[in-house]
Number of protein chains: 2
Amino acid sequence: MLKISELAAKTGLTAHTLRFYEKNGLISASNRSPAGYRYYTESDVRRAEFVKTARNIGFSLDDISQLLSIRVDKTSHSCQEVTDITRHKLDEVNEKIKELQSMQQTLNILLDSCCGGPELATQCSIMEALDEGEVRNQRNKHKKLEKQK
Amino acid sequence: MLKISELAAKTGLTAHTLRFYEKNGLISASNRSPAGYRYYTESDVRRAEFVKTARNIGFSLDDISQLLSIRVDKTSHSCQEVTDITRHKLDEVNEKIKELQSMQQTLNILLDSCCGGPELATQCSIMEALDEGEVRNQRNKHKKLEKQK
DNA sequence: GTTGACCTTAGAGTAGACTCTAAGCTTATA
DNA sequence: TATAAGCTTAGAGTCTACTCTAAGGTCAAC
Ligand SMILES: [Zn+2]
Ligand SMILES: [Zn+2]
Ligand SMILES: [Zn+2]
Ligand SMILES: [Zn+2]
C-alpha cells in the first residue's frame with residue numbers, strides 16, 4: 001500500500017493532481033488509514049498508470065473517464081466503443097493540426113515578406129498585410145466546423 | 001460614425017467582444033454620444049479590422065497589443081520588432097504542431113491495432129496498450145521544453 | 001515531547017478569450 | 001406615448017486541467 005506521495009513519485013503526477021483526479025472520479029484510494037490517509041493498492045497503482053498513459057497521449061480527462069469505465073468492465077463493452085473514443089480524439093487532433101498549419105503558412109509568408117532589419121516599421125510589409133486584411137487564413141473556417149458538431 | 005452593433009456587423013466580432021477588447025486596451029471608440037453610446041470613426045474601424053485579421057492568424061491578444069503599439073507609432077519601431085513577434089508566434093505554432101503530430105501518430109498506431117468491431121473489449125489491444133504504458137509518445141518532452149523558456 | 005515531514009479538507013486562484021446577466025437608460029418607429 | 005430594439009455598466013460565469021493556500025491533524029525519529 002502506497003501513500004499519496006509515494007504514488008505521486010511512482011507515477012510522476014503530483015499529490016495535488018492525484019487528489020484532483022479523485023475529486024473528478026478518475027482515481028481513488030481503495031483504503032484509508034484510521035486517520036484518513038489515502039492508501040493505494042497495486043490495482044490503484046495500475047489504474048493511475050493507465051490514466052497517466054492516456055493523459056500523455058493527449059486524451060482529455062473526460063475521454064479518460066470513459067476509457068476507465070470500459071476498463072473496469074470490459075465484458076460490457078466492445079472494441080468499437082474504444083475505437084470511437086480514439087477516433088474522435090484523432091479527429092480533433094487532425095483538425096487542430098490543420099488550423100495550426102494554416103497559421104504556420106501565413107506566418108511564414110509574413111516573415112518572408114519582411115526584411116526583419118533595423119529599418120523603421122513605416123513600410124513594414126507585415127504591418128501592411130495586417131492592415132489590409134489580405135492575409136490568407138483558414139482558422140475561422142476550422143473554428144466553425146468545430147462548433148457544428 | 002458607427003454604433004457598436006454596426007461595427008460588430010462590419011467586423012464579424014460581437015458587441016460583447018468589442019467591449020471586452022476595449023477593457024483590454026485593444027480597440028476603443030473615439031467618440032461617445034451624450035448618452036454614452038460608443039461611436040466608432042473610420043480609423044477605429046481600421047484598427048478593429050487589424051485586430052480581427054491578427055486574431056484570425058492566431059496571434060494572442062497580448063501579441064496584438066504589441067502589434068498595435070507599433071502600429072500607432074511606426075517611426076519608433078523597427079521591422080525587427082515586428083518579425084520578433086511573428087517569429088515567436090511561429091515558434092509556438094511549430095511546437096504545438098510537433099506535439100499534435102506525436103499524438104496523431106500514437107492514435108493512428110492504436111487504431112491500427114484494434115479491430116474496432118463489436119467484439120468484447122476484454123482483449124482490446126488499445127486497452128492493453130494503455131494498461132502497459134507502452135505507447136510511444138513525446139508530449140511530455142514537448143511540454144517540458146515549453147516551460148524552459 | 002518536540003521537531004519536521006507528511007497528511008487532511010474546502011475552497012480560491014490561474015491562464016486565455018470570451019460570453020452572459022442584471023438592471024437600467026436611449027432611441028427610432030408606429 | 002408606448003413598444004421594442006439597442007445601448008450602458010460592473011461583474012459573474014465558462015472551459016480545462018491543474019495549482020496553491022490555509023488551517024489543522026498525524027507520525028516517525030531523536
Ligand atoms: Zn523591413
Ligand atoms: Zn517589416
Ligand atoms: Zn477488437
Ligand atoms: Zn480493440
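Letters A, B, ... are given to chains in the order of the sequence lines, protein chains preceding strands, and every chain is numbered from 1. Side chains included, hydrogens not; waters and symmetry mates left out as well; all remaining heavy atoms used.
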For this session: Can you establish whether the number of heavy atoms outside B:Lys96 located under 6.0 Å from its atom NZ is more than 12?
Result: no
Seminar exercise, completed: The residue, B:Gly36 or A:Ala35, whose nearest nucleotide of DNA chain D is more 5′ is B:Gly36
Exercise. Between C:dA17 atom C1' and B:Phe59 atom CZ, what is the distance in whole Å?
Worked result: 17 Å
Can you pull every protein N or O that's under 3.5 Å from an N or O on nucleotides 4-6 of chain D?
from: D:dG6; atom 1: N2; to: B:Tyr37; atom 2: OH; distance (Å): 2.5

For this session: Give the minimum heavy-atom separation between B:Ala8 and B:Ala15, together with the two atoms involved.
Result: CB-N, 3.8 Å
Exercise. B:Thr41 and B:Asp44: side-chain donor and acceptor closer than 3.5 Å?
Worked result: yes
Problem set entry | A:Tyr39 OH to C:dC6 P, straight-line distance once rounded to whole Å | 13 Å
For this session: Using only side-chain N and O atoms of B:Arg55, determine if any of them is under 4.0 Å from OP1 or OP2 of C:dA17.
Result: no
Problem set entry | Nearest-Å distance for atom pair CD1/C1', residues A:Ile27 and D:dC18 | 14 Å
Exercise. Taking all atoms of both residues into account, what is the closest heavy-atom pair of B:Leu7 and B:Val45, and its distance?
Worked result: CD1-CG2, 4.0 Å
Exercise. Taking CG from A:Asp63 and C1' from D:dT16, how many angstroms apart are they, rounded to a whole number?
Worked result: 12 Å
Problem set entry | salt bridge (charged side-chain N to carboxylate O under 4.0 Å, His left out) partners of residues 30-39 of chain A, not counting sequence neighbours, each pair once | A:Glu22-A:Arg32, A:Glu22-A:Arg38
Exercise. Once you round it to whole Å, what is the distance between P of C:dG11 and CG of A:Asn24?
Worked result: 16 Å
Exercise. For DNA chain D, which residues in residues 8-23 of chain A have a heavy atom at a distance below 4.0 Å?
Worked result: A:His16, A:Thr17, A:Phe20, A:Tyr21
Exercise. What's the NZ-P distance between B:Lys52 and C:dA17, to the nearest Å?
Worked result: 16 Å
Exercise. Of all residues at least two apart in sequence or in a different chain, which pass the side chain to side chain contact (heavy atoms under 4.5 Å, CB included) check with B:Asp73?
Worked result: B:Thr75, B:Ser76
Seminar exercise, completed: Sorted by chain and residue number, the side chain to side chain contact (heavy atoms under 4.5 Å, CB included) partners of B:Asp63 (sequence neighbours excluded) come out as B:Phe59, B:Ser60, B:Gln66, B:Ile85, B:Lys89
Exercise. With A:Asp131, which of B:Lys74, B:Arg46, B:Arg47 fulfils salt bridge (charged side-chain N to carboxylate O under 4.0 Å, His left out)?
Worked result: B:Lys74
For this session: Check whether any side-chain N or O of A:Arg32 sits under 4.0 Å from OP1 or OP2 of D:dT26, and answer yes or no.
Result: no
For this session: Linking directly or through intermediates, with side-chain heavy atoms under 4.5 Å: list the remaining ILVMFWY members grouped with B:Tyr39, chain and number order.
Result: B:Met1, B:Tyr37
